[in-house]
Amino acid sequence: MAGAGSGKTRVLTHRIAHLMAERGVRPGEILAITFTNKAAAEMKERIQALLGARAANTMWTMTFHAACVRILRREGHRLGYPSSFTIYDSADSQRLMQLVCKELDLDPKRYPPRSFSAQVSNLKNELIDYDTFAGQAQNDQEKKLAEAYRLYQTRLHQAGAADFDDLIMVTVNLLQMFPDVAEYYRRRFRHVLVDEYQDTNHAQYTLVRELVGTTEDPDSSTVTPSELCVVGDADQSIYAFRGATIRNILEFERDFPSARTILLEQNYRSTQTILSAANSVIERNEGRTPKNLWSQQGEGTPLVGYVADNEHEEAAYVAGEIDRLTDEGVVTPSQVAIFYRTNAQSRVFEDVFIRTGLPYKIVGGVRFYERKEIRDVLAYLRVLANPEDTVSLRRILNVPKRGIGARAEEAVELFAARERTTFAQALRRVDEAPGIAKRSANAVRDFVALLDELAAIVPDSTPAEVVEAVLHRTGYLSELTGSKDIQDETRVENLEEFVDVAREFENTFAALVEEEPPEDDGEETVTDPGEPTLVDFLERIALVADTDQIPEEDDEGGVVTLMTLHAAKGLEFPVVFLTGLEDGVFPHNRTLGDKQQLEEERRLAYVGLTRAQRLLYVSRAAVRSAWGTPSYNPASRFIDEIPSQYVEWKREGAALAPPPSRGIGGGFGSSGFGGGPRGGGRSRGSASPAPSLSVGDLVNHDSFGMGRVELVEGGGDKTKARIDFGADIGEKDLMVKYAPIQKL
DNA sequence: AGGAGGAAGCTTTTT
DNA sequence: GCTTCCTCCT
């Protein structure tokens, strides 16, 4: 049980060093599991510093998901997975769920595919398969969900694909169904170490148990259980929303009765003031094991508080302070971090930083790999690696445009269903498909030929070469370069960058091979790297979000780091700005009504506060625009929970009240009826009210100018108004809640 | 089949 | 306010 800043990673790495030096454990016998790639990379780096590159590369130091992929590539064939199976990310699985729901003829209004996808994910985290779930389904919703779950899983399996949750769940199934596999890994990994144990969900917990083996487990009669060492901090559990259970760490001693618990309470990171502030916040959570973190770093300076009028001024203040601190030589930019609750909040900071010329780096945010053009090329690569990958195949079927439209796709799908074969197989037999246009069939045949042509070059090419071949031979690149759209220029640049990513991957892969001399222990330990294959490349992309890639190093003072609080976990900075401390922003609006969720937000605040080493700023904005409309948020309750003696306010809120509300019930209820708006129904706390409109009212729109209300329909947030903006613009149907209009 | 235009959705957090 | 998805028209 290790508090914030008490040296968790150090404990793990030094235990590993101890095992090797004092107990003669070989690196190949060690499995060190982390939750994020960032943590895995850091641990690997430290192990390398302590024990050298060979040890670092031989032992498995990786995330849950990466470890499971390795096991599945090797053993998944027993459950019908090809060794080159595709990994579906959440966007892919949502698309597949969409296809499944359509196939089942489910009304997307009543049974939203996105929600189904999320629920299936939750079920998998609980290791509940579709049969079990179907057995306990109570109502209509659950029964439909069970059906969708089953078909989804069938389609996924047919496509030779696994989604993120499958990686864990299927590995658990594998270990439970095949005792010889379980035994193999138990013999292999005599020491299992788990970082951030408080973030494990049920599936991950079970996985650990299966890997370690237990004494009462009959399977393990031949192998004594491995040694298990976990570190965690219940106060830093911030992933309950995706199934993590604090239970796992709280009841570790019950799960493993011979366990010994060691408490680490000394913090080596922060000043006592920062710690005291963080402690007094986290103390508000009920039912937690009290912990007394202390520091020898001295009192330090008080937290600095600031209340800005709006989010732009908050950002300007932060930028100004960073400017001042760097000018005075107190810090370099790389020693400063700015945290916020949601990615959307990064924008204002970016604006100000660009204007003031401060170097910065946003971690996370708009993902490179989520861009359309990147996903398109990725889909080609995936189909080349795994021709049955239906979701990817259907994505590129008509990209770039080649005359295979919805009609043709549907015909192929029907044909596949009738023939009880897969979409990929059916494509190759287009000519037999009934009801397909000649022209479309020809296009499909050309497409299949194109895929074959590309597939032929894969064995003799590096990933980067394949990427380039795809870009050129499919005509994807020429379609973009021929376009007049400015956006397409950026797309071309992104694709160039993607080729670079592939090249860089090849280089780092080569470097790894050099460092690692061939191993002759008899056990084929680390998969022999050899030449990097397309499958290797795809795996890397699927498992490594670019969030992890760059916490900055300083060359010329470095850059300021901007990130969400979740991304900040595990990091530390001399100077931290914790921004957007407003009820409704942080804690987030959607958590305000739920005690459990609110406590998780508080832990998130605790994580944020404890990242700071010396200087900690807490700030908020009195007004912040969300969805284009301003909202007036009160100070975050977490600020109130910090005793005032720890905070020095540079500027306090002038209790800025919302302006008099515009027009709710303000005397024009009389214009007949017709479902006129009723004010209320605000989803966003104290957001400014949408104008209450009636037919005949005059309004002013920020871009369309003056107009007259012709029709009002719907109610609450969904109220729409038809407004006539005159001859130039004409009539518009606008959502009253979101439209930038004022009543005149 | 392809494109334009409009409506809906979005802002939790990640492997 | 911005982006993606859907629908309708050509």
Side-chain angles (χ1 to χ4, degrees), chain A residues 33-40 62-69 87-91 93 95 98 108-109 112 114 121 124-125 162-168 196 199-201 203-204 237-244 339-347 363-367 370-372 398 400-409 437 439-440 443 487 541-548 563-569 580 584-592 597 600-601 603-604 607-608 624-631 683-684 702-703 717-718 720 732-735 737-740:
Chain A
I33 310 179
T34 64
F35 208 69
T36 66
N37 294 301
K38 201 160 56 190
M62 53 184 83
T63 63
F64 273 102
H65 295 266
C68 287
V69 169
I87 302 166
Y88 277 5
D89 66 17
S90 33
S93 47
R95 207 163 303 122
Q98 214 171 12
K109 290 265 152 48
R114 289 181 48 125
S121 170
K124 288 182 175 181
N125 285 336
D163 62 26
F164 274 137
D165 307 302
D166 277 345
L167 296 180
I168 312 287
E196 306 280 17
D199 285 331
T200 51
N201 59 35
Q204 289 158 336
S237 159
I238 54 174
Y239 287 109
F241 73 91
R242 67 169 186 213
F339 301 154
Y340 34 79
R341 176 64 235 267
T342 64
N343 276 309
Q345 287 165 254
S346 67
R347 198 164 177 147
V363 176
V366 240
R367 305 273 179 66
E370 280 169 23
R371 288 162 209 243
K372 181 183 173 301
N398 199 29
K401 301 260 178 298
R402 52 172 72 90
I404 309 174
R407 216 31 195 278
E409 187 177 343
R439 192 144 58 123
S440 305
Q487 278 208 337
I541 288 171
L543 292 179
V544 179
D546 30 6
T547 338
D548 311 303
M563 61 177 113
T564 64
L565 285 153
H566 283 85
K569 188 156 95 163
V585 175
F586 184 36
H588 194 276
N589 222 334
R590 308 222 318 217
T591 66
L592 292 179
Q597 288 190 56
E600 177 146 318
E601 296 283 293
R603 292 193 291 270
L604 193 55
V607 167
R624 176 181 301 273
S625 35
W627 282 280
T629 44
S631 57
S683 58
R684 274 233 138 201
D702 285 0
S703 38
D717 287 352
K718 300 239 163 80
K720 279 185 240 173
K732 302 268 181 196
D733 285 332
L734 300 168
M735 297 284 287
K737 178 167 187 255
Y738 301 108

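Per chain, numbering begins at 1; letters A, B, ... match sequence-line order.
The shortest heavy-atom contact between A:D199 and A:S237 is OD1-CA, 3.7 Å. In terms of heavy atoms, A:N201 sits closest to A:N125 at ND2-OD1, 3.4 Å. Considering every non-hydrogen atom in both A:E600 and A:A240, the closest pair reads OE1-CB, 2.7 Å. Counting all heavy atoms, side chain and backbone alike, A:L543 lies closest to A:N37 at O-ND2, 2.8 Å.
Every residue two or more places apart in sequence or in another chain was checked for a salt bridge (charged side-chain N to carboxylate O under 4.0 Å, His left out) with A:K401, and none qualifies.
Dashed line: the shortest gap from a side-chain N or O of A:T36 to OP1 or OP2 of B:dT14 is not under 4.0 Å. Contact annotation: A:Q204 side-chain N/O to B:dT14 OP1/OP2 distance is not under 4.0 Å. Residue A:N398 has no polar side-chain atom (N or O) positioned under 4.0 Å from OP1 or OP2 of B:dA1. For B:dT12, one of the phosphate oxygens OP1 or OP2 lies less than 4.0 angstrom from a side-chain nitrogen or oxygen of A:H588. Contact check, A:T564 against B:dT14: a side-chain N or O comes under 4.0 Å of OP1 or OP2.
When each of B:dC10, B:dT15, B:dT12 is scored by its nearest atom to the side-chain atoms of A:T342, the top-ranked nucleotide is B:dT12. Picking from B:dT12, C:dC6, B:dG2 the nucleotide with the shortest atom distance to the side chain of A:R590 gives B:dT12. The A:K401 side chain lies nearest to B:dG2 when the options are B:dA1, B:dG2, B:dT13. Checked against B:dG2, B:dT13, B:dA1, the side chain of A:R407 finds its nearest nucleotide in B:dA1. Distance from the side chain of A:F241 is smallest to B:dT13 among B:dT13, B:dA1, B:dG2. With B:dT12, B:dT11, B:dA1 as the choices, the nucleotide that has an atom nearest any side-chain atom of A:A344 turns out to be B:dT11.
Atom-to-atom, CZ of A:F164 to C1' of B:dT14 comes out at 8 Å; the value is rounded to the nearest Å. Straight-line distance from the CG atom of A:N343 to the C1' atom of B:dC10: 13 Å, rounded to whole Å. Look at CZ on A:F339: it is 16 Å from P on B:dT13, rounded to the nearest Å. For A:N125 and B:dT14, the CG to P distance is 16 Å, given to the nearest whole Å. Atom pair A:E409:CD and B:dG2:P shows a separation of 12 Å (rounding to whole Å applied). Between the CZ atom of A:R95 and the P atom of C:dT4 there is a distance of 12 Å, rounded to whole Å. Atom CG of A:D199 and atom C1' of B:dT14 are 10 Å apart (whole Å). Atom pair A:D165:CG and B:dT14:C1' shows a separation of 11 Å (rounding to whole Å applied).
Nearer to the 5' terminus of DNA chain B, by closest-nucleotide assignment, is the contact made by A:A437 (compared with the other of A:A437 and A:H566).
Here A:R347 lies in heavy-atom contact (under 4.0 Å) with sugar-phosphate atoms only. Within the 4.0 angstrom heavy-atom criterion, no nucleotide atom of any strand lies near A:A66. In this structure, A:S440 reaches the sugar-phosphate backbone alone: every heavy-atom distance under 4.0 Å involves primed, P, OP1 or OP2 atoms, never a base.
Checked by distance alone, A:R341 brings a side-chain donor or acceptor within 3.5 Å of a matching partner on the base of B:dT13.
Stacking of the aromatic ring of A:Y239 onto the base of B:dT14 is not found under the criterion of centres within 5.5 Å and planes under 30°.
A gap of 16 Å separates the P atoms of C:dT4 and B:dT13, to the nearest Å.
Ring orientation note: the planes of A:Y239 and A:H566 are tilted relative to one another, at an angle of 30° to 60°.
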